[in-house]
Amino acid sequence: MADTIADTRRLFTKPQNLNDAYGPPSNFLEIDVSNPETIGVGRGRFTTYEIRLKTNLPIFKLKESRVRRRYSDFEWLRGELERESKVVVPPLPGKALFRQLPFRGDDGIFDDSFIEERRQGLEQFLNKVAGHPLAQNERCLHMFLQDESVDKTYTPSKIRQA
């Protein structure tokens with residue numbers, strides 16, 4: 001009978017001190033996609049997004065960075081990660097082909113509600129990818145998140161811990 005009674009003894013844990021409670025988290029990686037800007041006219045029109053990164057992970061050379069990227073840059077990053085890493089890469093928010101058709105009653109892919117929906121999807125994508133330890137080793141991710149421009153002719157390589 002005694003074997004079937006669940007063990008209800010308390011686990012003894014170390015009491016939390018003020019630094020544990022209010023100090024910086026041990027490891028953090030925060031990525032925000034914000035401030036969409038639509039640039040250009042006609043067929044040369046596109047939207048860029050600001051990507052802000054804050055981290056204390058030693059693998060990133062900059063602890064804070066801010067860059068601007070467009071949707072095609074996200075497509076490039078996704079393709080590179082699929083090809084170079086062992087990570088199952090999540091999908092990007094869709095291309096919205098129907099929104100690009102002429103004679104619509106809204107601004108299509110430049111409509112505020114679509115841009116906000118896409119911004120949220122891109123932010124989710126980046127946080128999933130950048131949070132993966134294997135993806136964090138990929139040069140393309142570091143370039144995308146921290147370099148002023150994306151050199152699409154780069155040589156794929158792994159980043160080593162600093």
Side-chain angles (χ1 to χ4, degrees), residues 22 24-162:
Y22 298 103
S26 52
N27 280 336
F28 71 92
L29 174 63
E30 297 171 11
I31 299 173
D32 296 321
V33 177
S34 61
N35 301 326
E37 282 180 13
T38 299
I39 300 163
V41 292
R43 300 200 48 73
R45 194 173 179 201
F46 60 90
T47 301
T48 64
Y49 301 86
E50 182 178 74
I51 300 167
R52 286 188 312 237
L53 174 138
K54 283 185 180 179
T55 187
N56 65 357
L57 294 175
I59 197 154
F60 289 96
K61 68 180 184 227
L62 301 174
K63 299 310 164 205
E64 289 191 31
S65 61
R66 192 178 289 234
V67 296
R68 288 200 81 79
R69 299 288 182 254
R70 57 189 289 185
Y71 186 82
S72 59
D73 296 326
F74 283 86
E75 290 179 310
W76 172 84
L77 174 64
R78 186 174 191 284
E80 289 299 301
L81 288 171
E82 270 190 330
R83 196 175 73 237
E84 297 300 327
S85 75
K86 305 276 186 278
V87 178
V88 175
V89 186
L92 284 167
K95 271 300 262 184
L97 298 175
F98 291 113
R99 283 195 168 267
Q100 296 177 33
L101 296 173
F103 312 115
R104 290 181 52 89
D106 62 12
D107 284 335
I109 62 170
F110 303 109
D111 187 67
D112 288 345
S113 63
F114 173 74
I115 288 173
E116 174 55 19
E117 192 179 304
R118 179 175 268 184
R119 183 204 65 75
Q120 289 175 12
L122 294 174
E123 186 173 271
Q124 286 175 344
F125 167 80
L126 266 188
N127 276 288
K128 281 180 186 168
V129 165
H132 195 293
L134 290 176
Q136 290 173 4
N137 293 327
E138 296 298 330
R139 171 80 187 105
C140 59
L141 179 67
H142 289 255
M143 184 173 30
F144 181 89
L145 290 172
Q146 299 200 308
D147 291 3
E148 194 58 44
S149 60
V150 174
D151 174 11
K152 295 182 181 175
T153 64
Y154 86 116
T155 303
S157 61
K158 305 290 184 216
I159 302 286
R160 301 286 170 231
Q161 287 276 350

- [ ] Could you list all the salt bridge (charged side-chain N to carboxylate O under 4.0 Å, His left out) pairs where at least one residue sits in residues 120-132, not counting sequence neighbours?
- [x]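 Residue pairs passing salt bridge (charged side-chain N to carboxylate O under 4.0 Å, His left out), neighbours aside: R119-E123.
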- [ ] Under the salt bridge (charged side-chain N to carboxylate O under 4.0 Å, His left out) rule, collect the residues that match up with E64, sequence neighbours excluded.
- [x]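 Salt bridge (charged side-chain N to carboxylate O under 4.0 Å, His left out) check on E64 returns nothing, list empty.
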- [ ] Report the residues that fulfil salt bridge (charged side-chain N to carboxylate O under 4.0 Å, His left out) with K61, sequence neighbours left out, ordered by chain and then residue number.
- [x]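 Once residues adjacent in sequence are excluded, the partners of K61 under the salt bridge (charged side-chain N to carboxylate O under 4.0 Å, His left out) criterion are D147.
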Atom of [X], atom of [Y] and distance for their closest heavy-atom approach:
X	Y	value
L29	Q136	CD2-NE2, 4.0 Å
W76	C140	CH2-CB, 3.7 Å
A130	L141	CA-CD2, 3.9 Å
L53	Q146	CD2-NE2, 3.4 Å

TODO: Using a 4.5 Å cut-off on heavy atoms from C-beta on, say whether the side chain of L77 contacts that of L145.
DONE: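 They are not in side-chain contact.
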- [ ] Quick one: pull up CD in E117 and CD1 in I115 and give me the separation to the nearest 0.5 Å.
- [x]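 The CD atom of E117 sits 11.5 Å away from the CD1 atom of I115.
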Open item on the list: Taking the cut-offs as 6.0 angstrom to the six-membered ring centre and 45 degrees off its axis, would you call R118 and Y71 a cation-pi pair?
Closed with: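 R118 over Y71 ring: yes.
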Open item on the list: Using modelled atom types and a 3.5 Å cut-off, is there a donor and acceptor pairing between side-chain atoms of T55 and backbone atoms of K63?
Closed with: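 Not confirmed, T55 side chain does not pair with K63 backbone.
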Residues 150-159, side-chain donor-acceptor partners within the protein, below 3.5 Å, at least two apart:
from, atom 1, to, atom 2, distance (Å)
D151, OD1, T153, N, 3.0
D151, OD1, T153, OG1, 2.5
K152, NZ, D73, OD1, 3.3
Y154, OH, E80, OE1, 2.7
K158, NZ, E84, O, 3.3
K158, NZ, E138, OE1, 3.3
K158, NZ, E138, OE2, 2.4

TODO: Could you list the residues that satisfy ring-ring contact (aromatic ring centres under 6.0 Å, His included) with F74, not counting sequence neighbours?
DONE: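 Counting only residues at least two positions away or on another chain, F74 forms a ring-ring contact (aromatic ring centres under 6.0 Å, His included) with F144.
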Open item on the list: Going by the rule side-chain hydrogen bond (donor to acceptor under 3.5 Å, both in side chains), which residues pair with K54 if we only count those two or more places apart in sequence or in a different chain?
Closed with: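 Testing K54 for side-chain hydrogen bond (donor to acceptor under 3.5 Å, both in side chains), a comparison that skips the adjacent residues, returns none.
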Open item on the list: Can you list everything that forms a side-chain hydrogen bond (donor to acceptor under 3.5 Å, both in side chains) with R68? Sequence neighbours excluded, please.
Closed with: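 So R68 forms a side-chain hydrogen bond (donor to acceptor under 3.5 Å, both in side chains) with T48.
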- [ ] Report the C-alpha separation of V87 and L81 in whole Å, then their side-chain angles, then the decisive distance to 0.1 Å, and conclude whether the side-chain contact (heavy atoms from CB on, under 4.5 Å) test is met.
- [x] CA-CA 7 Å; V87 178; L81 288 171; 5.9 Å; no
Pairs under 3.5 angstrom only: tabulate donor-acceptor contacts from the side chains of residues 30-38 to other protein residues two or more places apart or in another chain.
from, atom 1, to, atom 2, distance (Å)
N35, ND2, E50, OE1, 2.8
T38, OG1, T47, OG1, 3.0

TODO: Check the pair Q120 / E116 against side chain to side chain donor-acceptor pair (under 3.5 Å), numbers first and verdict last.
DONE: CA-CA 6 Å; Q120 289 175 12; E116 174 55 19; 2.8 Å; yes
TODO: Determine which pairs satisfy ring pair (Phe, Tyr, Trp, His ring centres under 6.0 Å) with at least one residue from residues 48-69, sequence neighbours left out, and list them in order.
DONE: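 Every pair satisfying ring pair (Phe, Tyr, Trp, His ring centres under 6.0 Å) with a residue in residues 48-69: F60-H142.
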